[in-house]
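Report on the following structure.
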Amino acid sequence: MSGLHNTTIARLLFAERLPLNILRLVADLDTVLARLGADSRKLTWDRDHVALFDMPGRRIGLAWANGPSAGLATCLTLSVGPSPEMAEPAHNSTVQISIGHHALCSRLVERLR
């Protein structure tokens, strides 16, 4: 089975506090997903530090924390996995992101850096 049914999680850890604009970061991620072909996606927020993008068959989460543990100032977490809300796209549906979760997570981490 392909990597579309596994979840890939990446954590970016920073020793210094980042001058991070979370709203802009989420908007940038939304733009990237649109360019990759994720036309039908839904953005929801869990509190003010977790953004979830749901699309057919896939969920992308972005979370951040300031001071998550001793010696760390900021942590960004990105996850790519199956969506509990939206079913897998039909084979003849409009184009959606066709790469696996691991490859997509890697691409998005590179974009975040």
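Side chains included, hydrogens not; waters and symmetry mates left out as well; all remaining heavy atoms used. Remember, predicted model here, so these are calculated numbers, not experimental data.
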Can you tell me how far [atom2] of [Y] sits from [atom1] of [X], rounded to the nearest 0.5 angstrom?
X: S83; Y: M55; atom1: OG; atom2: CE; answer: 8.0 Å
X: H102; Y: N6; atom1: NE2; atom2: CG; answer: 11.0 Å
X: I9; Y: T77; atom1: CD1; atom2: OG1; answer: 8.0 Å
X: T7; Y: I60; atom1: OG1; atom2: CD1; answer: 11.5 Å
X: S79; Y: L52; atom1: OG; atom2: CG; answer: 7.5 Å
X: L104; Y: T8; atom1: CG; atom2: OG1; answer: 9.0 Å

Grab the two heavy atoms, one from [X] and one from [Y], that are nearest each other, plus how far apart they are.
X: A10; Y: C105; result: CB-SG, 3.9 Å
X: P82; Y: H101; result: N-CE1, 3.4 Å
X: R17; Y: T74; result: CA-OG1, 3.7 Å
X: A73; Y: E16; result: CB-C, 3.3 Å

Check: Among V50, L12, I22, whose side-chain contact (heavy atoms from CB on, under 4.5 Å) with W64 holds?
Finding: I22
Margin query: Tell me if the CD atom of E110 is crowded by more than 12 foreign heavy atoms within 6.0 Å.
Written below: yes
Check: Would you say H49's side chain and A63's backbone share a donor-acceptor pair under 3.5 angstrom?
Finding: no
Margin query: Show me the pairs that pass side-chain hydrogen bond (donor to acceptor under 3.5 Å, both in side chains) and involve residues 20-33, at least two apart or across chains.
Written below: D28-R111, D30-R41
Check: If you group Ile, Leu, Val, Met, Phe, Trp and Tyr by side-chain heavy-atom gaps below 4.5 Å, do V32 and L43 land in one group?
Finding: yes
Next item on the list: Determine, using the 4.5 Å side-chain heavy-atom cutoff (strictly less than), whether L78 and L72 are members of one ILVMFWY cluster.
Entry: no
Check: Can you tell if the side chain of V80 reaches within under 4.5 Å of the side chain of R59, non-hydrogen atoms only?
Finding: no
Item checked: Side-chain heavy-atom pair F53, L62 within 4.5 angstrom cut-off -> no
